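Hydrogens, waters and symmetry mates play no part in the numbers below; they use all other heavy atoms, side chains included. Everything numeric in this text was worked out from a predicted model, so none of it was measured.
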Amino acid sequence: MKYRHSAAALAATAVVFASAGSAVAATPSPTPSVAIPDGLYGTTDPTYDGVWRQSLALLAQNTTGVTPADSAVAWLAGQQCANGAFAAFRADTGKPCAADLMVDTNSTAAAVQALAALGGHDAGVKKAVTWLKSVQNADGGWGYTPGGATDTNSTSVVAGALAQAGVTVPNLRKGGKSPYDALQKLALPCTGKDAGAFAYQPDKKGELAANADATAAAVLGLLDEPLTGSRQDDDASATGCTTFDAGTEPEKGGHNGAVWLAEALADNGRLMSSLPGAEDQPDYGNTADAIVALSSAGFNDQAAAPLRWLEDNSAQWAAQSGPAAYAQLIFVANAAKGADVHDFGGQDLVELLNATGPAPRGIDEPTRTDAIGKAEEKKDDDGGLNVAYTVAGGLVVGALVGFVLVARGRKRRQA
């Protein structure tokens, strides 16, 4: 049984989140308990996921050449507390953060990733990074809240944020332990069931149980990747699990996790969610995260079937779940070979995401994509485009406005 430990999930609440992390309520409140602020993406109650969904939306726009509205960026930046941390949502930013406000590592790390990617927020990013460093656990990792037990998801999203902000992650140590050391302790051994997978946390007996969401997060964390992941053109060979040294070869741990995810997806091309008293249901969010992880590890062949399933089946889920879900699908389309953000199962994900918030300030001109390439191949084959192809080509180009593929390398940044 694999439960989704989303980045905005609070154990103290009865809210169940269904979207690596993403944080979209499985049953959105039809009447938000707070007013939806200007600049915020989505229409559901932001109490538990406002900063998270805004960060993902801005990251997704940035990866596709969209310049977000000033109000959207200002809303996110304005959520930061004086000490650098972010809470899931602050309704009144005119007042200083109260001492008892629950700030968390996941909201802070997501905001760092978005603001660092957008640029122009060096002071806020620096304060957030300083705060994240200050709450690192003695085992090298992070829990959801300061001082909370280390978990794979929190450690991975923070590691991605620190790398995005220019920190050399393996050199960031607490008690002699790095974030990679913390992740290694949460990896299942290469012998026995679920070899190479990652647990969210040890259970009460100290045992590790494979968790798909945690494993996808760990793959990105160990590869120094942000939530967006990256497209790898060289296909990796899905060899089995191998013991890795967190200090010198964290990529092997990411490879192990990707091998396990590939096996978990092999049967029916998707992951399933299991909740007590309910039938198993397709888990769109976890499947999306797994595809990003596989693609970022170079497992393009293994990502192909889940990608096709998600393209064919995710439209209703994304429409119900909102901006964070559209952002996840954009991350998939940007990372996975053969995918297109402007034609994902017949949908333009960029247009759909943009429609959930304030109108963007700008959209870049289109670049050459697989779709345009195919039209040009047809022209070469036929000796010229007929009228139908001319019309179709115009529609394709129109649908591709705003697409920019941002290639992300894995070069570790110096602190």
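- Between Y326 and L353, the shortest heavy-atom contact is CB-CB, 4.1 Å.
- The CD atom of Q184 sits 11.5 Å away from atom NZ of K252, with the distance rounded to the nearest 0.5 Å.
- Looking at every heavy atom in both residues, A114 comes nearest to L58 through CB-CB, 4.3 Å.
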Pairs under 3.5 angstrom only: tabulate donor-acceptor contacts from the side chains of residues 68-87 to other protein residues two or more places apart or in another chain.
{"residue": "D70", "atom": "OD1", "partner": "R361", "partner atom": "NE", "Å": "2.9"}
{"residue": "Q79", "atom": "OE1", "partner": "R90", "partner atom": "N", "Å": "2.7"}
{"residue": "Q79", "atom": "NE2", "partner": "R90", "partner atom": "O", "Å": "3.1"}
{"residue": "Q80", "atom": "NE2", "partner": "G84", "partner atom": "O", "Å": "2.9"}
{"residue": "Q80", "atom": "NE2", "partner": "G124", "partner atom": "O", "Å": "2.9"}
{"residue": "N83", "atom": "OD1", "partner": "A85", "partner atom": "N", "Å": "3.0"}

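- With contacts defined as side-chain heavy-atom distances shorter than 4.5 Å, the pair L307/F344 qualifies.
- Counting heavy-atom neighbours within 6.0 Å of D234 CG, excluding the residue itself, gives a total of 12 or less.
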- Begin with the C-alpha distance, continue with both residues' side-chain angles, and end with the deciding distance and a verdict on side-chain hydrogen bond (donor to acceptor under 3.5 Å, both in side chains) for Q232 and N300. CA-CA 8 Å; Q232 302 300 313; N300 297 308; over 6 Å; no
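- Taking CG of D343 as the start and CD of E311 as the end, the distance is 8.0 Å to the nearest 0.5 Å.
- Once rounded to the nearest 0.5 Å, the distance linking CG of D151 with OG1 of T105 reads 7.0 Å.
- Put simply, the side chain of K337 never gets that close to the backbone of R231: no donor and acceptor are under 3.5 Å apart.
- In this structure, the side chains of R53 and T44 come closer than 4.5 Å at one or more pairs of heavy atoms.
- Within the model, atoms CG of N286 and CG of L271 stand 6.0 Å from one another, a figure rounded to the nearest 0.5 Å.
- D245 and Y180 are not linked by any side-chain donor-acceptor pair at a separation below 3.5 angstrom, with hydrogens and angles left out of the test.
- Of the N and O atoms on the side chains of E225 and S230, at least one donor lies less than 3.5 Å from an acceptor on the other residue.
- For W52 and F89, the ring centers sit 6.0 Å or farther from each other.
- Counting heavy atoms from C-beta outward, P179 and Q136 have side chains that approach closer than 4.5 Å.
- The salt bridge (Lys or Arg N to Asp or Glu O under 4.0 Å) analysis of residues 157-172, with sequence neighbours excluded, yields no pairs.
- Contact annotation: the side chain of V51 never approaches that of P46 to less than 4.5 Å [non-hydrogen atoms, C-beta and beyond].
- If you check the side chains of H255 and T239, you find a donor sitting under 3.5 Å from an acceptor.
- Without hydrogens or angle criteria, Q164 side chain to L227 main chain gives no donor-acceptor distance under 3.5 Å.
- Under the 3.5 Å distance criterion, the side-chain polar atoms of D348 are matched with a main-chain donor or acceptor of E351.
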- Does the side-chain contact (heavy atoms from CB on, under 4.5 Å) test come out yes or no for F198 and L222, once each step is laid out? CA-CA 12 Å; F198 288 78; L222 289 165; 3.6 Å; yes
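- Contact detail for P306 and T287: the closest heavy-atom pair is CB-CG2, 4.4 Å.
- Taking every heavy atom of both residues into account, T155 and A182 meet most closely at CG2-CB, 4.5 Å.
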- Using the side-chain contact (heavy atoms from CB on, under 4.5 Å) rule, take I291 and F331 through it: C-alpha gap first, then chi angles, then the decisive distance, then the call. CA-CA 9 Å; I291 294 170; F331 298 160; over 6 Å; no
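- No side-chain donor-acceptor contact under 3.5 Å links Q61 to the backbone of V66.
- Crowding of N268 atom CG: a count of heavy atoms from other residues, nucleotides or ligands under 6.0 Å exceeding 12.
- Within the 3.5 Å criterion, the main-chain N or O of G143 finds no donor-acceptor partner in the side chain of T150.
- Residues N256 and C190 are in side-chain contact: their nearest non-hydrogen atoms beyond the backbone lie under 4.5 Å apart.
- Under the salt bridge (Lys or Arg N to Asp or Glu O under 4.0 Å) criterion, the residue pairs touching residues 167-176 are R173-D181, with sequence neighbours excluded.
- Of all the heavy atoms in S314 and Y284, the pair that sits closest is CA-CD2, 4.1 Å.
- A donor-acceptor contact shorter than 3.5 Å is absent between the side chain of Q302 and the backbone of L294.
- Counting heavy atoms from C-beta outward, S156 and L220 have side chains that stay 4.5 Å or more apart.
- Taking CD from E249 and OG1 from T243, the interatomic distance works out to 9.0 Å, rounded to the nearest 0.5 Å.
- Taking CD of Q328 as the start and CG of L56 as the end, the distance is 6.5 Å to the nearest 0.5 Å.
- No donor-acceptor distance shorter than 3.5 angstrom exists from the side chain of T356 to the backbone of Y41, with no hydrogens or angles considered.
- Distance alone, capped at 3.5 Å, is enough to place a donor-acceptor pair between the T63 side chain and the A60 backbone.
- The backbone N or O of G257 lies less than 3.5 Å from no partner atom in the side chain of T215, so there is not a single donor-acceptor pair.
- The nearest pair of heavy atoms linking V157 to Q113 is O-NE2, 3.3 Å.
- N137 places no side-chain N or O within 3.5 Å of a backbone atom of G140 that could act as its donor or acceptor partner.
- Between K133 and V167 the shortest side-chain heavy-atom distance falls below 4.5 Å.
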- L310 and W317: CA distance, side-chain angles, deciding distance, side-chain contact (heavy atoms from CB on, under 4.5 Å) verdict: CA-CA 10 Å; L310 200 63; W317 165 75; 5.5 Å; no
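- In the model, N153 has no side-chain atom that pairs as donor or acceptor with a side-chain atom of N106 under 3.5 Å.
- Under the 4.5 Å side-chain criterion, counting only non-hydrogen atoms from C-beta, W131 is in contact with V103.
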